[in-house]
Amino acid sequence: MQPRVIMLADLDYFFAQCEEKRDPDLKSKPVVVCVYSGRTVESGAVSTANYIAREYGVKSGMPIFLAKKKLQNTNATFLPVDHEFYKMISNRIMAILKDHADRFEQVSIDEAYLDVSQKVNGEFEAAKQLAQDIKNIIEAQERITCSIGIGPNKLIAKIASDSEKPDGLTVVRPTQVEGFLSSLSVDRLIGVGKKTTERMKALGINTIGELAMFDVVRLREIFGKNLGDYFHNASLGLDNEDVQERGEAESISRIATLRQDTRELQIILIKTKELCADIHFSAMRRKLAFRSVGIIAIMADLTVHTRSKTLDTPTIEMATLETVVKELLERFLADSSLEIRRIGVKVSAFETWKDKKTLMEYT
DNA sequence: GTATGCTTTCGGC
DNA sequence: TTACGGCCGAAAGCATAC
């Protein structure tokens, strides 16, 4: 069997780059794209920052006030997210990427895997040329740069794409996998976050090479069979995951920050009704009935809690959605004591309906 | 014991 | 002195059925 050739294309600092595309004057200054919560004039979090802003220590998820502090005395620009604008640009770029792949898997608004094995006849040199062509087309048509990683599987392609950014192109041939991985820190592997990194460090494992040398039996004992095997295989650069076209989203959720922290049901219900209406509209437009309803509560101390309920039959009814949300909210308030800062609603476990007859069955 | 389904948390972007 | 979003999918954790 011919080796697979997989690409991961990642649009660089995407939201901020879209803003630079809209206003090229921004390119020479720090740019911070923000999600404003509306609570106070500047409360909210950083969504994305361009690389100039990152040099000052600005990072995704950071409170806006902190980014302002780091960028004081600079000519930084702070902008609110314009998701529709980014989505439109993303859609056009994803179409270009898909057009150059045998199989295509969009992971997020700014990231996609391409299986190009057939297209390049299993040859990595041809894949590198293809990736350069793709980068050139995206640059010419959209004025957007991306970073592409190429490897024998998704795992290697992903790590490769992360290793040179922005505007990177990194090829890891099958013979180079071991050398490429061995000196990298274990947290470069997907699924190895802060907690796992610390646990591995305690075992004397810092690099992926050290992880590869570690006894797989002990790895299983410590992390469980599934994770243990995954870590072992990943450390060797092994990954069989297919590039698989993704269909409809599996959940729809909306979340909002409350004007002020509260535990008052009536106040929270005003907000959840808006969220329910929004979700209902989105589900109707996509012809989806949902069988699972959940709430997400972020407390004053920023801890996250969820409650959910699976219905006996799928529904599309707004009234059902609102009723279940109210039940879940009452249940949650009963077993918590902190005030709620942000509240969200989520529906999932979809069934599609395409005609009026099936529609009736859900009401 | 294993498969399956549901609830909750985790963590990436 | 404090201050902090809005999504999504994956996986952990648990209960139940066979």
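Sequence lines set the chain letters: A, B, ... in the order given, protein chains first and strands last, and positions in each chain run from 1. Values below: every heavy atom of this structure, side chains too, minus hydrogens, waters and symmetry copies.
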Student: Ion pair present between A/Glu105 and A/Arg246, side-chain N to carboxylate O less than 4.0 angstrom?
Tutor: yes

Student: A/Ser47 has a side chain; which of C/dG5, C/dA3, C/dC8 sits nearest to it?
Tutor: C/dG5

Student: Check every strand shown and say whether A/Arg342 touches a base, only sugar-phosphate, or nothing at a heavy-atom separation below 4.0 Å.
Tutor: base

Student: If you pin A/Asp10 and A/Lys309 to their nearest nucleotides in DNA chain B, which one's is more 5'?
Tutor: A/Lys309

Student: May I ask you to say what A/Gly294 touches in the nucleic acid, namely base, sugar-phosphate or nothing, with a heavy-atom cut-off under 4.0 Å?
Tutor: nothing

Student: Need one value for A/Thr310: base, sugar-phosphate or nothing, where a base atom within 4.0 Å counts as base even if backbone is also close, heavy atoms only.
Tutor: sugar-phosphate

Student: Output the single nucleotide from C/dC8, B/dT7, B/dC6 whose closest atom is nearest the side chain of A/Arg291.
Tutor: B/dC6

Student: Can a salt bridge be assigned to the pair A/Arg307 and A/Asp335 using a cut-off of 4.0 Å between side-chain N and carboxylate O?
Tutor: yes

Student: Base, sugar-phosphate alone, or nothing: which one does A/Ala349 contact when heavy atoms must sit under 4.0 Å apart?
Tutor: nothing

Student: Flag the pair A/Lys135 and A/Asp167 as a salt bridge only when some basic side-chain nitrogen lies within less than 4.0 angstrom of an acidic carboxylate oxygen.
Tutor: yes

Student: Assign A/Glu111 to base, sugar-phosphate, or nothing according to its heavy-atom contacts below 4.0 angstrom with the strands shown.
Tutor: sugar-phosphate

Student: The side chain of A/Phe65 lies closest to which of these nucleotides: C/dA3, C/dG9, C/dG5?
Tutor: C/dA3

Student: Do A/Gln106 side-chain atoms and A/Ser108 backbone N/O form a donor-acceptor pair below 3.5 Å?
Tutor: yes

Student: Pick base, sugar-phosphate or nothing for A/His83, based on heavy-atom distances below 4.0 Å to the nucleic acid.
Tutor: nothing

Student: Remember a base hit wins even if backbone is also touched, and classify A/Thr257 as base, sugar-phosphate or nothing at under 4.0 Å, heavy atoms.
Tutor: sugar-phosphate

Student: Could you tell me the separation between the CG atom of A/Asp229 and the C1' atom of C/dA11, rounded to a whole number of Å?
Tutor: 16 Å

Student: What nucleic acid atoms does A/Lys346 come within less than 4.0 Å of, heavy atoms only: base, sugar-phosphate, or nothing?
Tutor: nothing

Student: Could you check whether the rings of A/Tyr86 and A/Phe15 sit parallel, tilted or perpendicular, using 30° and 60° as the cut-offs?
Tutor: parallel

Student: 5'-most contact on DNA chain C: A/Arg39 or A/Ser251, nearest heavy atom basis?
Tutor: A/Arg39

Student: Looking for any heavy atom pair under 4.0 Å, which part of the strands does A/Leu275 touch: base, sugar-phosphate only, or nothing?
Tutor: nothing

Student: How is A/Thr306 classified with respect to the nucleic acid when contacts are heavy atoms under 4.0 Å: base, sugar-phosphate, or nothing?
Tutor: base

